[in-house]
Amino acid sequence: MIKLLTLIVIALAAVTIWRLMRVLELVRDLRNEDEQITDKDNRVNGRLMLWFLVLGMGGMTYFTIDAKKYLLPVAASKHGALTDSYLYINFALIIVVFFITQILLFYFAWKYQHKKGQKAFFYPVDHKLEFIWTIIPAVVLMGLIVYGLKLWINITAPAPKEAMVIEVYGKQFDWTARYSGGDNTLGRSNFKLITDDNQLGVDSLDENGKDDKITRELHLPVGSKVIFKFHSRDVLHSAYFPHLRAQMNCVPGMTTEFFVEPTITTDSMRLITGNPKFDYVLLCNKICGVAHYNMRMKMVIEPADDFKKWYKTQPYVFARPDAAPAVVPADTVKTAQASAQNRKIVASK
Amino acid sequence: MSTHSHGHAEDSHAGHDHHDHEHHDTFWTKYVFSQDHKMISKQFLVTAIIMALLAMFMSLIFRLQLGWPSEKFPFLESILGHWGKDGKLDPNFYLALVTIHGTIMVFFVLTGGLSGTFSNLLIPFQVGARDMASGFLNMLSYWFFFGSCAVMTASLFVQAGPASAGWTIYPPLSALPQAIPGSGLGMTLWLVSMVLFIGSALLGGINYVVTILNLRTKGMSMTRLPLTIWAFLITAILGILSFPVLFAAALLLLFDRSFGTSFYLSDIFINGAPLAHSGGSPILFQHLFWFLGHPEVYIVLLPALGLASEVISTQSRKPIFGYKAMIGSMLVIAFLSFIVWGHHMFITGMNPFLGSVFVFTTLLVAIPSAVKVFNYLATLWRANIVLSPAMLFAIGLVSFFISGGLTGIILGDSALDINIHDTYFVVAHFHIVMGSSAIFGMFAGIYHWFPRMFGRMMNKRAGYIHFWLTIVGVYGTFFPMHFIGLSGAPRRYYAYTAYEGFDAALNINALVSVFAILGGLAQLIFVFNFFYSMYRGKKAAQNPWGSTTLEWTAPVEHLHGNWPGEIPTVYRWPYDYGKPGADEDFIQQTVPYSETPKSNLPGEA
């Protein structure tokens, strides 16, 4: 039934447009026209140009003001505040150029419409003008380039030593975080060591990994310095923190990193946005498969004390002798064997 | 096919009027394996229109999903089968749709369709040649293109679905069928199709360059070439230099997929098992891909700018302002296009210093682009503008070129790109500056040169309706998208329902979809006008727009060899419009200065 309806709708649409063409053809023939552009065509379309300009500009301005509520809230990272103000400088510049050029374009199209017996102003070249409008954009762009690159160099500068090292690990279709613990050094990991209960393939023989902790939420102390180390185990992912204005791809076989200083706690941001349910989020922003749109992790920025409290409750990568004995699931033996097997592969490499 | 057979009857009738015409073409040599540039250009155009409709239809389907993610559309099941079960679009098929939509639009419509149609039609006509340098290679170029379109379309019917890793097919996603079903047979067909396409682009490109450089008529110096030809020349060179790199990238990907090599793969654990691939880098693919991919943007855009330059000058009845600056800026853009590819990769972990080099080169592109815009504005200033449908589309192109170009300044700046990379801001940017600009250039070209192609005029009223609905549709679709991006919503998401921060994406998307559907419907008017006018359009005069260039000195009927007698000689540049002292407001390139003593400028003897 639906198939039939779909077909009927398509057929009706086709017939409608076919008839419309026929009407237009008849109008043309009635008026004895030969498709040459008449004064009336110029007049009507010239006016439409003006209307389009006015209504278009008005509509865009209205929409922009209305859509302000959708924009990301104030940046929650140190560099984000800087890039945001740079973004606004860019927008101011762009809007000015946009308005001037578009107004000229559509205004000229109306103003200089064809008049019989009149000739256009023969004006093939003017080197002075060409020079001016090469130099002005060049100077403005140089300014932007210098400003932008200064920021970029700042953002990508090597992180200070004391920055807290956190691994952000992407796989189809979720995120895991690994904190480097008291030594601030992540234990070695290898994709061949991955098992059901060692999802990140951390090497149990590496002392540095003993104090690493694995979490399913990302918590950051406000005002701290954090260096994220990104990994992926399968396809490309991109760790996108819209509120931190930070993003970096996660590439299998390679470590990438991004340094941030979170400045606003989740609670403060809830006040700022007026949304008591607001939460920071880490999104996947590189097409990674069927559930790409659902791949995300909650992020919490909190005062250092709260962070410490939360951190204590998180499990170590490997159960430690001083920790309470965990309940051993039945299939642990199997995975332990698999782990041993994989270790041999790694060792023989 | 019915279109062809009708055209056949007409043309053979025309053939009877020319008894000196010695060729006796059969249906096969005239319409299928034709070596005539005019027929090949029509073949490219009709194929591209069909592909464009297919890709547009796909975009409307995923616009329904994005606009109304919780609604059910029962008709989806009837057209898509199990991909639209219960009226819900399958998330895997959603990714397939965005992938194939992008691929078809970028390669088949805006590269093959645009260059293939207008380079073929205009190069021999405007440089004054009987045909392309090699008619056979030209025919081969079309049939490679056709084969490529056929394989891509066939991939839609693969059980596991067509390629779904995005039109940029980044590995490992595109290399591993375990990662996404579309990376099975669908991806193989995508690669095969692309190899055929690259073959077509290279055969065509070499032919265009050779024809332009070697077959110009007497008097047609390089600085007397219309800007269209300059644009086609530069485009062809870009294609010849960059497409082989995509070929290499595709070949290596094929090896990784089928023969277990590790060019792009390393350290992968998927589906519960580690893979043996070791030592490759997915980033290598991106470097190779964008080394083509960025010039590709200009392969798409430059011909459109060339067509628009010609239309704007003709319909302004005024010479193009700064002819040499226009050529110069195209050359600079083309050169820069080879050293900016890294701006697609700021956040892949590339060395920040390398990133800053790419920022520098990228923002430089804005300078020649600005020059072009100002030159267009100067051309329109104090002109005598005939607002034909083609002219409207050319003006629309300039408008999009400005709007989309400006947001490029933001995206090209690495510090800002960090936050908006791969969001809807990017989608909005390139759909305006590359997609809409180029398609408007193509429309301008079709409306303007339709009489040259088919000897008939298109209906102007339908053209006007088409233009106004389309420009409203395009701005209505892509302007709001910037805000979806600025709200932090990533692209290629099947739905924005899962996270409350996506309010913008949810609310604005419905508006966007309404405009997209409006714009899509408007294209049907064009399609009807196009095919209708082929048969029922008013017969065209030889030079309906009062143009100066050579293609309008050839008879309306298509002759093998274009001109019945000798090829005309050229005496002046192509933009003598509105010259003071001249009798009419244009002087054709074939008129010697000796015949126009009243209008000659100093130095023109």
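Note that the structure is a prediction, hence the values are computed from the model and not measured. Here is the naming used below: chain letters follow the sequence lines, and residue numbers restart at 1 for every chain.
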Considering only NZ, NE, NH1 and NH2 on the basic side and carboxylate oxygens on the acidic side, decide whether A:Asp234 and A:Lys171 come within less than 4.0 Å. no

Between B:Asp267 and A:Arg233, does any NZ, NE, NH1 or NH2 come within less than 4.0 Å of an OD or OE carboxylate oxygen? no

Where on [X] is there a heavy atom nearer than 4.5 Å to chain B: the side chain, the backbone, both, or neither?
{"X": "A:Glu25", "value": "both"}
{"X": "A:Phe258", "value": "side chain"}
{"X": "A:Met248", "value": "both"}
{"X": "A:Met142", "value": "side chain"}
{"X": "A:Tyr123", "value": "both"}
{"X": "A:Thr255", "value": "neither"}
{"X": "A:Arg22", "value": "both"}
{"X": "A:Ile155", "value": "side chain"}
{"X": "A:Asn154", "value": "neither"}
{"X": "A:Thr156", "value": "both"}
{"X": "A:Gln172", "value": "side chain"}
{"X": "A:Asn294", "value": "side chain"}
{"X": "A:Phe98", "value": "both"}
{"X": "A:Tyr107", "value": "neither"}

Option that, when pairs with chain B are counted at under 4.5 Å, heavy atom only, ranks first among [options]:
{"options": "A:Ile37, A:Asp84, A:Leu20", "result": "A:Ile37"}
{"options": "A:Val44, A:Val290, A:Leu71, A:Thr256", "result": "A:Val290"}
{"options": "A:His79, A:Lys286, A:Lys111, A:Lys69", "result": "A:Lys286"}
{"options": "A:Ile135, A:Leu48, A:Ile136", "result": "A:Leu48"}
{"options": "A:Arg296, A:Met254, A:Lys119, A:Lys68", "result": "A:Lys119"}

Determine whether the aromatic ring centres of B:Tyr323 and B:Phe321 lie less than 6.0 Å apart. no

Is [X] in contact with chain A via its backbone, its side chain, both, or neither, using a 4.5 Å heavy-atom distance?
{"X": "B:Pro171", "value": "backbone"}
{"X": "B:Phe360", "value": "both"}
{"X": "B:Tyr577", "value": "backbone"}
{"X": "B:Ile395", "value": "both"}
{"X": "B:Ser316", "value": "backbone"}
{"X": "B:Tyr532", "value": "side chain"}
{"X": "B:Asp422", "value": "both"}
{"X": "B:Asn271", "value": "neither"}
{"X": "B:Met458", "value": "backbone"}
{"X": "B:Leu95", "value": "side chain"}
{"X": "B:Leu275", "value": "backbone"}

Measure across [X] and [Y] and return the closest heavy-atom pair with its distance rounded to 0.1 Å.
{"X": "A:Thr38", "Y": "B:Lys460", "answer": "CG2-NZ, 3.8 Å"}
{"X": "B:Arg491", "Y": "B:Tyr496", "answer": "CA-OH, 4.1 Å"}
{"X": "B:Ala505", "Y": "B:Ala489", "answer": "CB-CB, 4.0 Å"}
{"X": "B:Val371", "Y": "A:Thr134", "answer": "CG2-OG1, 3.6 Å"}

Most contacts with chain A, counted as non-hydrogen pairs under 4.5 angstrom, among [options]:
{"options": "B:Ser399, B:Ser164, B:Ser183", "result": "B:Ser399"}
{"options": "B:Pro580, B:Gly166, B:Ala370", "result": "B:Pro580"}
{"options": "B:Ala415, B:Ala582, B:Pro181, B:Gly272", "result": "B:Ala415"}
{"options": "B:Val373, B:Ile79, B:Asn375, B:Val398", "result": "B:Asn375"}
{"options": "B:Leu265, B:Asp585, B:Ile402", "result": "B:Ile402"}
{"options": "B:Ile508, B:Ile180, B:Leu511, B:Ile420", "result": "B:Ile508"}

So, applying ring pair (Phe, Tyr, Trp, His ring centres under 6.0 Å) with A:His292, which one of B:Tyr94, B:Tyr494, B:Tyr493 is it? B:Tyr493

A:His243 vs A:Phe278 aromatic rings, parallel, tilted or perpendicular, using cut-offs 30° and 60°? perpendicular

